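This report concerns only the one structure given below.
Given the structure is predicted, the values throughout are model-derived calculations rather than measurements. Note: hydrogens, waters and symmetry copies are ignored here, and every other heavy atom, side chains too, is used.
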Amino acid sequence: MKSTILGYPRIGPDRELKRALEAYWNGRIGRDELDQVGAGLRARAWRRLAELGLGALPADFSEYDHVLDAAVMLDAVPERYRTAADPYFAMARGEDGLPPLRMTKWFDTNYHYIVPEIGPDTKFRLVAEKPLREVREARALGHRVRPVLVGPVTLLLLAEGPAPLSRLDDAVEVYAELLAALRAEGVRWVQLDEPALVADRTPAELDAARRAYDRLSGQSDRPEILVAGYFGAFGDALPVLAATGVEAIAVDLVRGGPVDPDALRGKTLVAGVVSGRDVWRTDLDDALHRLQPYENVVVSTACSLLHAPYDLDRESDLDPALRARLAFADQKVAEVVELAGRLARGERGAPAPRPTAPATAPRDERRSPYPVRVAAQARLGLPALPVTTIGSFPQTGDLRAARAALTAGRIQQQEYDERIAAEIEHVIRVQERLGLDVLVHGEPERNDMVQYFAEHLDGFATTRHGWVQSYGSRCTRPPILHGDVRRPAPITVRWATYAQSLTDKPVKGMLTGPVTIVAWSFVRRDLPLRAVVEQVAAAVSDEVRDLAAAGIGIIQVDEPALRELMPLRRDEQKEYLEWAVQAYRTATAGAGDSTQIHTHLCYSEASDVAGAIDGLDADVTTIESTRSGGRVLGALGEFERGLGPGVYDIHSPRVPGVDEVTERLAGVLRALPGLSADRVWVNPDCGLKTRTYAEVEPALAALVAAASRVRPS
């Protein structure tokens, strides 16, 4: 093992897994056909990695989510799901009468994982079908693979329930049984991912890591163990792991910086010198220089390539100068292989200069105090418990076909615009018929809430095939932010004002916030992140001013990635939150007092940034609450401005009934006794883009009926 990667994309170069999953969920194919697609994707991945010359191949495929896979491996399936037609997907997506498990972000990435439920009564047993099947598949194809599993400490630290970590010893025994089974299959190495150990950990949590890996490394019938940490430095966890009998430790030398070679004496260092989270070429001389202090080294990516697109060779439309700076997953594998060869030949690199450009001075702008704004916004004439949505409406097959036809030149811009206008009018009429109070135009012209803005801002490039998994079957194409950001012309004013012209009810202007645009893009590395966010904030500010000047009375500037960009270590978080909040204030400062500013956050640990949410100073904050059981509400404290905790989980196909929504809404009011009903909003957890009209219309009707029931007379 001289070269390896910690993981590889799994959705398929043409999103084959997405299409198979959706066909299975819709009943068009059976489970056997879905499994065949998965087997084909695994075979393709191993064949491709072998062709690229990689020394050790990972087996890290998942049909939906690797954290859910680990929970299922322990048989940690809550009883309410065991009688479902397919318990795995019931936990992931829910089914009629059965809400799914909670979903949140995987550390500081835009990947979402399913949160396991593990309590004192959870009965663990080994369910090894998946890892053993994949090992056998690989062997039949002539490959030896290294199974990749979420490690026991990270799994329990990410789970919810009464003290999940107290179940460590029981969980570790199941992992030990699995290691023995893998050894019996001829597996030489197993990878246990412990990214939770790169965050701040208590002495008790570090002791849990020591106990777990003393036990696993102490058994004789097992493969050799690689413990992988990524997204930062192991810190205090490194000597703990190094003192156990594990054979190899993977460290992130990109985000975590160098480690003391003496701390790893007697261990194989799997050195993560090629970034797995961006699309930039590695400076190979610099990477080689960083490898020189270490002995017994395996060259690797810093984390899984799950977070990168497949292959740059498929992108024929990119500017050649930009293209020369890029590397997607396959190119990064080639970099790993080349570095391993150069290291084996005894070549020595040289350090690259580090960028030192200072951050730009932010605009120091403030809106009037909230009480002044509330008085000015009375002109909107909204009822108590106003009902709205987050922004997007279903992206129908007709819309996607029209966008593809425009791109291919089969229709002209005028015809496309006519179709968009017709869809906007349809969305407005649906909302009027259902009785919503604040409407949206539905965003039919937008392919993605970040990519759409990237296509209209200088400094960005977009791809045709650069898909990255966000969760399950959901994929995004992150734009490439490679230069200075400027807004050459208004972006959203045309369709926002058109939608407003169709109705007497207020229509929200819909924008994506500066932190989220940056977080969900592949960002240039030659400027500090703060400086890049400030450039984007200035562009968003220009758009806010134009929308307000055009008469749009409510403008929503979403920041769902506010928590996502926050550093994992506490000593770095305060500075980040200060400049991130200031960037949002800069972006929204151009709105007058009578313009109501909304923001939205979803599917992250929002309670971690409760103080920053308050600091954003938006007039209304809408937030995911249904799938997380309202857990964020207690963290917000005495929140004085408008708040819309979601009462409809849009990431499940379930359609909630009126009674269900009424109870959720009543629970929100009980949890927020200091907030008057005229400041509590009724809305879904997130946008409706991924749902169908057959699901959305009855769900929104339930929201309207529930608000009517609960609204003060």
Side-chain angles (χ1 to χ4, degrees), residues 3-11 13 45 48-49 52 54-62 66-67 105-113 146 148-151 154 191-198 226-234 248-257 269-284 286-287 290-291 297-312 325-340 463 466-470 475-478 480 519-525 564-565 568:
S3 63
T4 194
I5 59 174
L6 298 188
Y8 190 68
R10 58 203 188 200
I11 57 173
R48 180 62 174 149
L49 294 176
L52 291 168
L54 194 68
L57 311 184
D60 64 325
F61 183 81
S62 176
H66 52 273
V67 181
K105 296 291 182 72
W106 177 246
F107 298 94
D108 58 349
T109 76
N110 190 35
Y111 177 82
H112 305 59
Y113 72 92
R146 181 182 72 251
V148 178
L149 308 164
V150 177
T154 290
Q191 177 180 322
L192 299 178
D193 285 357
E194 294 287 7
L197 296 181
V198 309
L226 162 62
V227 180
Y230 38 81
F231 306 149
F234 264 128
I249 300 175
V251 298
D252 184 340
L253 297 180
V254 175
R255 288 187 166 227
L269 169 65
V270 177
V273 291
V274 172
S275 174
R277 291 184 55 174
D278 61 36
V279 292
W280 306 107
R281 285 191 183 275
T282 304
D283 184 323
L284 298 183
D286 180 72
R290 285 183 285 144
L291 290 169
V297 172
V298 176
V299 181
S300 177
T301 52
C303 66
S304 172
L305 292 171
L306 169 70
H307 312 285
Y310 272 89
D311 188 1
L312 180 63
R325 299 163 54 193
L326 302 179
F328 289 4
D330 283 359
Q331 288 71 41
K332 289 177 180 291
V333 174
E335 290 177 337
V336 166
V337 172
E338 181 176 348
L339 280 168
T463 66
W467 296 101
V468 174
Q469 185 180 27
S470 179
C475 305
T476 64
R477 279 183 296 165
I480 301 169
W520 294 354
S521 300
F522 294 120
V523 181
R524 60 191 295 186
R525 296 186 298 196
E564 186 176 311
L565 271 193
L568 298 179

Atom CG in L312, atom CD in Q331: separation rounded to 0.5 Å?
5.0 Å
Going by the side-chain contact (heavy atoms from CB on, under 4.5 Å) test, name the single residue among D330, I11, V279, T463 that passes it with P309.
V279
Do the charged groups of D278 and R524 touch, with an N to O distance under 4.0 Å?
no
So how far is it from R277 CZ to H307 NE2, rounded to the nearest 0.5 Å?
6.5 Å
Minimum heavy-atom distance V336-S300, with the two atoms named:
CG2-C, 3.9 Å
So, does T4 use its side chain to make a donor-acceptor pair with the main chain of A56 at under 3.5 Å?
yes
Would you give the length of the straight line joining atom CG of L6 to atom SG of C303, rounded to the nearest 0.5 angstrom?
7.0 Å
side-chain contact (heavy atoms from CB on, under 4.5 Å) between Y8 and R48: does it pass, once the steps are laid out?
CA-CA 11 Å; Y8 190 68; R48 180 62 174 149; 3.8 Å; yes
Rounded to the nearest 0.5 Å, how far does CG of L52 lie from CD of E338?
12.5 Å
So which heavy atom on A308 is nearest to which on P9, and how close?
O-CG, 3.6 Å
Are the side chain of S304 and the backbone N or O of L306 linked by a donor-acceptor pair below 3.5 Å?
yes
Any donor-acceptor pair under 3.5 Å linking the side chain of R281 with the backbone of A327?
no
Salt-bridge contact R10-D60 (side-chain N to carboxylate O under 4.0 Å):
no
Looking only at atom types and distance, does a side-chain atom of Y310 sit under 3.5 Å from a main-chain N or O of G466, one as donor and one as acceptor?
no
Interatomic distance, S275 atom OG to L253 atom CG [nearest 0.5 angstrom]
12.0 Å
Measure the shortest side-chain to side-chain distance between W520 and E564 over non-hydrogen atoms and say whether it is less than 4.5 angstrom.
yes
Heavy-atom side-chain proximity of P58 to L49 below 4.5 angstrom
yes
Which atoms form the tightest heavy-atom contact between V254 and A302, and what is the distance?
CG2-CB, 3.9 Å
Quick one: does any side-chain atom of K332 pair with a main-chain N or O of G276 as donor and acceptor, under 3.5 Å?
no
Determine the minimum heavy-atom distance between V298 and S3, stating which atoms define it.
CG1-N, 3.8 Å
Is the backbone N or O of V523 less than 3.5 Å from a side-chain atom of W280, with the two atoms forming a donor-acceptor pair by type?
yes
If you apply the rule side-chain contact (heavy atoms from CB on, under 4.5 Å), what do you find for L192 with L226, and how did you get there?
CA-CA 6 Å; L192 299 178; L226 162 62; over 6 Å; no
Pair Y230-V198, side-chain contact (heavy atoms from CB on, under 4.5 Å): steps then yes or no:
CA-CA 7 Å; Y230 38 81; V198 309; 5.9 Å; no
Does I480 offer a backbone N or O that forms a donor-acceptor pair with the side chain of S521 under 3.5 Å?
no
Identify the heavy atoms of N110 and K105 that sit nearest to each other, and give their distance.
OD1-NZ, 3.3 Å
Does the side-chain contact (heavy atoms from CB on, under 4.5 Å) test come out yes or no for E335 and L284, once each step is laid out?
CA-CA 8 Å; E335 290 177 337; L284 298 183; 4.1 Å; yes
Minimum heavy-atom separation for F234 and A228, please, with both atom names.
CZ-C, 3.9 Å
For T154, does its backbone N or O pair with a side-chain atom of E194 as donor and acceptor, under 3.5 Å?
yes
Measure the shortest side-chain to side-chain distance between I249 and L269 over non-hydrogen atoms and say whether it is less than 4.5 angstrom.
no
Beyond-backbone contact of V273 with L339, side-chain heavy atoms, under 4.5 angstrom:
yes
For the backbone of F231 and the side chain of D252, can you confirm whether one donor and one acceptor N or O come within less than 3.5 Å of each other?
yes
When rounded to the nearest 0.5 Å, the distance separating CD of Q469 from OH of Y111 is 5.0 Å
